[in-house]
Asker: 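Following this message is one structure expressed as structure tokens.
Keep in mind it's a predicted model, so treat the numbers as computed, not measured.
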Amino acid sequence: MSFDDFINSGLNNFQRQAVECDTPAALVIAGAGSGKTRVITARIAYLILKKYADPTSIVALTFTNKAAGEMKERIAKFLSGSKRLPFVGTFHSYCLLLLRRNPSLVPFANFSIMDSDDQVDLIKKIINKNGLQKKISANQATYQLSTYKNNLLVRNMEEFVNPLIREIYQEYESEKSEAHCLDFDDLLFQVLQLFRKNEEFKKTFQQKVRHILVDEYQDTSHVQHELLKLMSLDSEKKFNLDSVCAVGDEDQSIYSWRGATVTNMLSFQSDFAPVKVVKIEQNYRSVKPILELANELIKNNRLRNPKNLWSDRPAKNRVVSAYCRSSEQEADTIARFIQACAKSKKLDEIAVLYRTHFQSRQIEEALMYYSIPYKIIGGLQFYERKEIKDLLAYMRLVANPFDKLSLMRAINCPSRGLGPKFEQELLDEWGKNPFLDFKQILELLKNDETNVKKLALEEFLNVFKGLEAKQFPAYCLENIVNHTDYYGYLRRNFDDREAETKVENVKEFINATLLYESKYAVTEAFDNLEAVFEEQRTPTLENFLYEIALLQEKLEKTKDVARVQLMTLHAAKGLEFNTVIISGLNDGVLPSSKSLNTNDELEEERRLFYVGITRAQEYLLLLNAYARNSFGQIVEQVPSRFLSELPTSLCYKVDVEKLHSVEVTMLWQEWIGGGLDTQPIVLTFGRSNRLLSNLNEPVEMVRQANHERVHYTARPAHPEPCRRKPVEGFERFRKKSNEYPHKEFESASPKPSVESISERSYGGWKTGCAVRHDKFGQGVVIKVEKASEKDFYLTVAFKIGQKKLLSSFVKRV
DNA sequence: TCCATACTACTTTTT
DNA sequence: GTAGTATGGA
Ligand SMILES: Nc1ncnc2c1ncn2[C@@H]1O[C@H](COP(=O)(O)OP(=O)(O)OP(=O)(O)O)[C@@H](O)[C@H]1O
């Protein structure tokens, strides 16, 4: 389709207004799936093709690399053939680009970028050094530090700051700058400072860049908003670009925990006034039942502006909510569902979404068991693996010989007798001579060491002989691997299977560097670095390190076989799939147990669920389980409170827990396999034939919002499926109301075979003491068992019956 | 200094 | 269940 055709037929009136908007500032506020991203892409194409804007004068900022990738693809379609492409990427990657374009303005010429692991490692070191372990965990400190840093730049928050954090902050910053490292926050800060302090820099920037577009504005941080202001306004706060266009949706704000500020949407309107505000209410992505479900859910949030999002894609029987007995069954059910889908859909049109990464493991296991190809987005990333990070440390040292953190990582890996004691010497020495690079320091130290250590140091330094930042990355990496005998080290230190996977990973790493080199050879204009100076466009080690710093995924050839995508709800933002599976709809998982304290947090969890639902185009499967493995223990679960907010008329509930696995497959085949879109199909389930058309009829509420009514007892992880009276047809799958899920197991289930130690008191927990649980109310402890040093299992008699739970879940009364 | 063993804490979410 | 740390003996 030509772009003209697209403008005429591929956009509705409102979208077109935003795309063709001539006022300098435009803001699109619109619900999920209403084509906001489409507006951004179309506007970029419009500016280039209709307004003859130089592509390199356009900057499009997205929230994630994945979103950037998709947008690039869409734009490239409109601009087929053109080698000059606009910048599309995250705020962070754009800031990195600016810093690299202006090496003379950066505090250190060759800096390393710390990822979050490096950050936590450094903070942990500082905490341990100052004996603060007892007071704060490294993860907590990292999080608070980032918040502190972000606030520092924009407004003064000194008095509210945890003094501990300020202390750590000082040391963290100085360690970082001695090592010539920047963390993710620094990338934004450095550029922010450039804009604030360097008029020349700002002038050059505004001469070159004329249009800025920002996606997902509701999740931009204060710093990012500030940055946008500095980029677009002159010193008199007058608009100084040709256009700025942002799009966003308050209902999809899910990143407040990392500093996202929804009110940026309002600030945008005042800071860039006059702003043309465009609202879009039609959803093009989802079929009606799915959209209505999402609308009903989000209505429960009080802190929002009501919207009237509608879809004109009628459909029936599109949402099923499955109640599983355990997380294993949940995973198995997902796998069987995907199997049933695979007959009519491509696997990459299906996504499994979850709240936290650890949930992916069980799902993975099930998918492997059924040989379903899948791909995990996020989670433990390729470049976060230990073996890769070790080698990266060597590479980083080549590019940045001041990188203390990398040196500490590399020096004794593979182990060469240079342990913590030597590390301390090294740190002391370096502290005295901060302007020497690591080779000079090590040469210095070599003189007063024993022979064994001398040799070890010699060996270590030899690895770097002849390696330079301007060489090809693959050459450097292969040299490092060979000179350190890295494969040998892996085989010596890990058992066969583990060693082999690690060796494989290293080989893949080498492949990735080779691929990176060839990519440069093939396409002259490497889109991301399109506007970088020529010498920065050669595939050097240095450039490779910058390229991967903000990328977690490894560079892969082309899209290979279609695979089911597994990711967190956060990572799914901005994406869409034919079929979406959301697993783990239990209180404590979604909403997360850490977000139950305040209403704000709870509403963000609800938005997260909303984002998940609105990723689906055609089918939506929701799952929860009555038991879940966490920390190697089976913990009872209650269905998510959000499930009770979904109208039953839109959501078909199934008691999967009562089905045999074969029946589960039949269930899915009947739901999906028949091609419900085109014609009503005749079911051939069991002995009876039956139309599926009544799938969507209202049912009585099954599990009430007040979970107190539901009665649970401890039961084995895999109870035998219970025997049911056969029910005719598909209807038999529908969850019965008022039927307690585990009535059958209550008497049958063996009592936990842990010896009673109820007479004893453990950690202050005593039988007979009164406790309060958030949901189950008051109760009395009948049994105490040790779970760990600090945690205990309490068997508590509540009004609703006995429950066994971790002591951390109850309060003493 | 290295290794084996025991014991803890651990799970949000991302650039 | 596992990664990371603490301890103690070789
Ligand atoms: N005018 C239109 N006509 C037909 N399809 C459209 C139109 N606008 C958008 N779409 C389609 O609707 C879907 C959602 O669009 P898009 O991803 O741009 O929405 P969005 O507002 O960015 O969504 P979200 O906020 O949920 O990420 C896409 O598949 C897109 O192709």
Side-chain angles (χ1 to χ4, degrees), chain A residues 61-68 89-96 113-121 124 128 133 137-140 142-143 146 150 182-188 216 219-221 223-224 253-260 327 353-362 365 377-381 383-384 386 412 414-423 450 452-453 456 492-493 549-553 567-573 584 588-596 601 604-605 607-609 611-612 628-635 786-791 806 808:
Chain A
L61 300 170
T62 61
F63 198 72
T64 61
N65 290 311
K66 198 169 164 60
T90 60
F91 267 98
H92 288 87
S93 58
Y94 190 60
C95 286
L96 174 61
I113 297 171
M114 300 164 70
D115 64 18
S116 33
D117 279 350
D118 302 328
Q119 210 177 350
V120 174
D121 282 352
K124 198 179 280 171
N128 289 344
Q133 305 86 314
S137 78
N139 283 323
Q140 257 300 305
T142 312
Y143 167 74
S146 176
N150 276 284
L182 295 181
D183 64 21
F184 288 138
D185 292 328
D186 292 331
L187 294 176
L188 303 187
E216 312 278 15
D219 276 325
T220 51
S221 70
V223 173
Q224 288 166 337
S253 144
I254 51 176
Y255 280 93
S256 67
W257 50 272
R258 67 167 244 209
S327 46
L353 310 181
Y354 36 78
R355 177 67 236 261
T356 58
H357 285 300
F358 82 97
Q359 293 174 258
S360 71
R361 245 191 56 185
Q362 280 191 317
E365 278 166 18
I377 318 280
L380 177 64
Q381 290 297 340
Y383 290 112
E384 285 166 12
K386 194 182 163 298
N412 204 28
S415 40
R416 30 174 99 78
L418 302 171
K421 195 159 150 266
F422 177 76
E423 230 172 75
T450 58
V452 187
K453 278 192 185 161
R492 263 178 275 124
N493 286 276
L550 298 177
L551 226 69
Q552 330 89 301
E553 278 179 80
M567 68 192 96
T568 62
L569 289 157
H570 283 93
K573 185 159 91 154
V589 181
L590 181 65
S592 155
S593 52
K594 309 224 158 141
S595 303
L596 297 173
E601 286 174 319
E604 180 145 322
E605 296 286 311
R607 289 194 292 272
L608 201 49
F609 186 25
V611 167
R628 203 165 279 288
N629 292 4
S630 83
F631 306 124
Q633 295 286 337
I634 294 164
V635 179
K786 195 173 166 185
S788 69
E789 208 42 50
K790 278 195 188 152
D791 246 346
L806 277 169
S808 47

Asker: For B:dT11, which nucleotide is its Watson-Crick or G-U wobble mate, given both distances must be under 3.5 Å?
Answerer: none

Asker: What integer distance in Å separates A:L61:CG from B:dT15:P?
Answerer: 15 Å

Asker: Assess the residue pair A:I254 and A:L569 against the criterion (side chain to side chain contact (heavy atoms under 4.5 Å, CB included)); give the C-alpha distance rounded to whole Å, side-chain angles, the decisive distance to 0.1 Å, and a yes or no.
Answerer: CA-CA 9 Å; A:I254 51 176; A:L569 289 157; over 6 Å; no

Asker: It should be established whether A:N139 places a side-chain nitrogen or oxygen under 4.0 Å from OP1 or OP2 of nucleotide B:dC10.
Answerer: no

Asker: With C1' as the reference atom in both, quote the distance from C:dA6 to B:dT11 in angstrom, rounded to an integer.
Answerer: 23 Å

Asker: Taking CG from A:D186 and P from B:dT14, how many angstroms apart are they, rounded to a whole number?
Answerer: 21 Å

Asker: If you apply the rule side chain to side chain contact (heavy atoms under 4.5 Å, CB included), what do you find for A:Q224 with A:S221, and how did you get there?
Answerer: CA-CA 5 Å; A:Q224 288 166 337; A:S221 70; 3.4 Å; yes

Asker: Output, in order, the C-alpha distance, side-chain angles, deciding distance and verdict of side chain to side chain contact (heavy atoms under 4.5 Å, CB included) for A:S595 and A:E604.
Answerer: CA-CA 9 Å; A:S595 303; A:E604 180 145 322; over 6 Å; no

Asker: Which whole-number value in Å describes the distance from A:E365 CD to C:dT2 C1'?
Answerer: 13 Å

Asker: Atom CD of A:Q224 to atom P of B:dT15: distance rounded to whole Å?
Answerer: 12 Å

Asker: Could you tell me how far apart A:K66 (NZ) and B:dT14 (C1') are, to the nearest whole angstrom?
Answerer: 14 Å

Asker: Using the six-membered base ring of B:dT15, report whether A:F91 stacks on it, requiring centroids under 5.5 Å and planes under 30° apart.
Answerer: no

Asker: Using whole Å, what does the distance between atom P of nucleotide C:dT2 and atom NZ of A:K386 come to?
Answerer: 18 Å

Asker: Do the rings of A:W257 and A:Y255 sit parallel, tilted or perpendicular, given the 30° and 60° boundaries?
Answerer: tilted

Asker: If the cut-off is 4.0 Å, is A:T568 near the phosphate of B:dT14, judged by side-chain N/O to OP1 or OP2?
Answerer: yes

Asker: Would you say a side-chain N or O of A:H357 is under 4.0 Å from OP1 or OP2 of B:dT14?
Answerer: yes

Asker: So what does A:K124 hit on the nucleic acid, given a heavy-atom distance under 4.0 Å: a base, only sugar-phosphate, or nothing?
Answerer: sugar-phosphate

Asker: Taking any heavy-atom pair under 4.0 Å as a contact, classify A:S116: base, sugar-phosphate, or nothing.
Answerer: base

Asker: If I pick the P atom on B:dT13 and the same atom on C:dG4, what distance separates them, to the nearest angstrom?
Answerer: 16 Å

Asker: Judged by atom type as modelled, is there a donor-acceptor pair below 3.5 Å linking the side chain of A:S360 to the main-chain atoms of A:H357?
Answerer: yes

Asker: Without decimals, in angstroms, what is the distance between A:W257 CH2 and B:dT14 P?
Answerer: 6 Å

Asker: Select one nucleotide: of C:dG4, B:dT15, B:dT14, the one nearest the side-chain heavy atoms of A:Y255.
Answerer: B:dT14

Asker: Taking the side chain of A:H570 as its heavy atoms from C-beta onward, which of B:dT14, B:dT15, B:dT11 lies nearest to it?
Answerer: B:dT14

Asker: Without decimals, in angstroms, what is the distance between A:Q362 CD and C:dT2 C1'?
Answerer: 15 Å

Asker: Which listed nucleotide (B:dT14, B:dT15, B:dT11) is nearest to the side chain of A:F631?
Answerer: B:dT11

Asker: Are the ring centres of A:F63 and A:F91 closer than 6.0 Å?
Answerer: no

Asker: Looking only at the side chain of A:R361 (C-beta and beyond, no hydrogens), which of the listed nucleotides C:dG4, B:dT14, C:dT2 gets closest?
Answerer: C:dT2

